[in-house]
Amino acid sequence: MIAEIIINRSAKRLNRTFDYNIPKDLEELIMIGSTVLVPFGKNSALEEGYVINIKEKTTYEVKDIAKIKHNLTEQQIELAKWMAKRYFCNISDCIKQMLTPGTKSKKQENNIQDKTINVVYLKKEIDEIQFDIEMGKIKSEKQKKILQFLKNNDGVTVPEIEIFTGGTRAIVKTLEKNGYVEIVEKKVERDPLANKKIEKTENLELTEEQQKAYDLVSQKMQEEKYEQFLLYGVTGSGKTEVYLQLIGEALKQNKTAIVLVPEISLTPQMLDRFIARFDKEEIAVIHSKLSIGERYDEWNKIKEGKAKIVIGARSAIFAPVQNIGIIIIDEEHDSSYKSEAVPKYDAKEIAKKLAKENKCPLILGSATPDLNTYYKAKQGKITLLELTHRANNSKLPEVEIVDLKMELANGNRTMLSVKLHDAIEKNLQEKRQTILFLNRRGYSTFIMCRECGYTVKCKNCNISMTYHKTENKLKCHYCGYEENVVTVCPECKSTKIRYFGTGTQKLEQEINKIFPQATTIRMDVDTVTKKNSHEEILNKFRNENIDILIGTQMVVKGHHFPNVTLVGVIAADSSLNIDDYRANERTFQLLTQVAGRAGREKLDGRVIIQTYTPDNFSIICAKKQDYEMFYNTEIALRKQLNYPPFCDIILIGFNSLSEKEIIEVSQRVYMELKNNLNKDEFNVLKPMPSPIDKIQNKFRWRIIIKGIMTPYANEVLNNCLKKFYDTNYKNTRITIDINPNNMI
Ligand code: ADP
Ligand code: ZN
Ligand code: ZN
């Protein structure tokens, strides 16, 4: 294979590609975007270059690439191979996660201060773009190349695009005009940590519970032994303080630490706590919104051993840290640790593997642990560490429940109950802030009787059926069971059947009508854009003392607003009726977390949860803030219905332009799996259309398997995929996802 390479020098005459041969032993490692060393010029001195294209042949006589500079370790390659098997993807997909992006940030080179740069982002879904390419809507090779490049490196500058793709600013502009990319002006901050005056903090004297947790973990660190811990502590119980001191211990041992946090809680306030305790030179921060250049800087800081503490979202688990002393996953129940894009990995699994290799402890921390994690802790597979008190002795807020059925009976047809309405009014008078939370998750709509709260559930799966408008039918997204739409409630014979799916926009309009004097700000997928990050919206809410923040689940995580004393949940039921076996768990977690936003400091907080089903146990448990009670009820249900942790859900997705082909392929895969997987251990459900059965003219089908994922099953599935790739089904793609976040 031949690589087209651009030499990393600024001389204009070198602004062209040179062909090099890729030696056999580098073939698997070299890819577009790799940084390599090549013999160049008269005396063939080694020069750094970027691989911008790979092709079969060249007409020139070429030299070999001498070396690849992304010196991935043997361990990383092994991990990539393991991931490829485990998550059913190419090795290269996994290697890509670990590579250093190949350019220095402009920030470092020129020390730009308070200037702006233009960052280019994809504006359409990758599938959509792929489809447009396949349909010949995008003809220009240069345009295709830029889009391909952005697919792997979303958020790059125009000069970066020019270097890597040979494209020009004009082509990027054309893509913008055609709606494929957006160019966002971003302020280049000075080193965001540079001028920050952060008061240094010392280790606090640990409470008895904290000390016990600390001792158990640090003992494993001394012994250099792997062990998995669950640090289960209510919000404000001092989990972070325990993390900080354990990281301190790792540094003392001359080791490093990885801390994963949910993307959305990677805020300056959170980072400040680390900077206050450690030397900021020792900290590297990694998340998906970094430009390729910023990522390069952070990655290198880690590689060179300067940064010993890596803090980041999911992808930070692939940071090139050596000699890890501890791995911490905060808010471990958060769904963002599972990747929904290829490679569809689970960062918790990768963390476990790394911790084992490095012979160090892994800590999962949460106030509402993932049911699977807590189950393992109960079984003794994970060591449970508990913090039962708040460290600063502030009170947990008062939670009240309003029965919306009663509101309706009393003639109130608005989205606000009398109680919530009055509480908002009182809060406005007292100049305190309010958060209103509307959980509009996924695409599904469900129907519910407004008199008695009845919803239609699948007979086989105990999951809310989803309303399909086109066919006017109710469908179960797990087993395919169908029912006609009900117009009369089977429970109470009422005809007040309603379709749910109210949005935040409508809520904001209603609030503006009811409280014209109040200032409001909205946060949901429509208002949070690349320009307007959730952080900026939250800052505005805080700094301008806006009266009411209206938002989806984005508002619930980790934020701290001293002046927020009221939190209202508009309809707790909307997360209960998603077509997902985790509906109860998600509801409980969301409500517990949203409640935690109120009264974080001296002012007492009040939480009002509106619901049609006040008797539902996840709502009752959230009111009591009783995780144990929730766990006991839910785990019994899971066992009865055979859901995780009692099995894994394996989702095989098919995607095709041809309906005939997709039916044929899925049927063949189904037969293959039926024949090869043990019937007693695996329940292979028959292929059927996905809940969203067509996207952009592509048909979508799926097969769901319930069973415990074993190395044997993994082998069977991989073989099945291999067999399929050897066939002639050119129009169909298959993906496999284990325990996906959503089943759509
Ligand atoms: P969590 O991470 O569990 O939400 P934090 O670590 O943020 O809890 O602690 C909550 C508050 O309690 C913080 O203000 C923290 O400084 C304080 N805190 C934690 N541990 C102690 C301690 N041992 N003594 C005094 N204050 C503490
Ligand atoms: Zn009814
Ligand atoms: Zn069903």
Side-chain angles (χ1 to χ4, degrees), residues 198-218 229-249 257-278 283 309 311-313 326-334 337 361-370 373-374 377 384-397 542 555-564 567 589-605 607 625-628:
I198 292 173
E199 203 119 337
K200 286 284 157 196
T201 59
E202 296 290 328
N203 284 352
L204 296 172
E205 192 180 323
L206 296 178
T207 63
E208 208 173 298
E209 286 178 327
Q210 283 174 321
Q211 188 67 47
K212 197 174 156 214
Y214 175 88
D215 288 344
L216 279 170
V217 181
S218 74
F229 294 93
L230 167 61
L231 182 58
Y232 161 47
V234 294
T235 44
S237 60
K239 294 186 290 296
T240 311
E241 182 62 33
V242 175
Y243 302 154
L244 290 171
Q245 298 203 18
L246 286 168
I247 294 166
E249 177 63 31
I258 299 182
V259 185
L260 297 189
V261 297
E263 180 96 51
I264 214 150
S265 52
L266 201 58
T267 57
Q269 290 134 282
M270 210 257 348
L271 289 176
D272 286 355
R273 293 188 66 180
F274 284 81
I275 297 163
R277 194 66 58 88
F278 304 104
I283 301 172
I309 305 167
I311 305 174
I326 190 162
I327 304 178
I328 294 162
I329 302 185
D330 192 29
E331 310 277 2
E332 65 89 28
H333 60 273
D334 195 273
Y337 292 124
L362 165 64
I363 302 186
L364 309 175
S366 177
T368 52
D370 183 327
T373 309
Y374 201 65
L384 182 64
L385 310 167
E386 273 186 271
L387 305 178
T388 53
H389 312 292
R390 278 196 156 179
N392 63 3
N393 286 325
S394 75
K395 274 195 297 185
L396 287 166
R542 185 198 340 258
V555 303
V556 305
K557 278 174 199 154
H559 314 295
H560 187 84
F561 305 105
N563 199 32
V564 170
V567 169
Q589 282 166 353
L590 275 169
L591 294 179
T592 310
Q593 281 176 15
V594 91
R597 294 313 107 210
R600 307 264 301 175
E601 286 189 359
K602 288 170 200 80
L603 305 166
D604 282 348
V607 179
Q625 309 201 22
D626 188 340
Y627 177 83
E628 202 72 27

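Note that ligands are numbered from 1 as they come in the structure, with each ligand's atoms numbered from 1 the same way.
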Taking the non-hydrogen atoms of Gly233, is any one of them nearer than 4.0 angstrom to ligand 1?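 So Gly233 does not count as touching ligand 1.
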
Closest to atom 22 (C) of ligand 1 among Gln245, Glu241, Glu205 (heavy-atom distance):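 Going through Gln245, Glu241, Glu205 one by one, Glu205 has the nearest heavy atom to atom 22 (C) of ligand 1.
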
Out of Leu204, Asp330, Thr201, Leu387, who is nearest to atom 27 (C) of ligand 1 when you count heavy atoms only?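 Selected option, by shortest heavy-atom distance: Leu204.
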
Ligand 1-proximal atoms of [X], by part, heavy-atom distance under 4.0 Å:
X	answer
Arg273	side chain
Gln210	side chain
Leu206	backbone

Under a 4.0 Å threshold between the charged nitrogen and the carboxylate oxygen, would Glu241 count as salt-bridged to Arg277?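 Salt bridge present between Arg277 and Glu241.
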
If the test is side chain to side chain contact (heavy atoms under 4.5 Å, CB included), which one of [options] qualifies with [X]?
X	options	result
Ile329	Leu231, Leu362, Ile363, Thr373	Leu362
Tyr232	Leu364, Thr368, Leu384	Leu384
Ile328	Val217, Ile247, Leu260	Ile247

Evaluate Phe278 against Leu244 for side chain to side chain contact (heavy atoms under 4.5 Å, CB included), listing each step before the verdict. CA-CA 9 Å; Phe278 304 104; Leu244 290 171; 3.7 Å; yes

Heteroatom distance test (Gly238, ligand 1): nitrogen or oxygen, under 3.5 angstrom: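 Among all N and O atoms of Gly238, at least one is under 3.5 Å from an N or O of ligand 1.
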
Do you know the tightest heavy-atom contact between Tyr374 and Glu628?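 Here Tyr374 and Glu628 meet closest at OH-OE1, 2.8 Å.
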
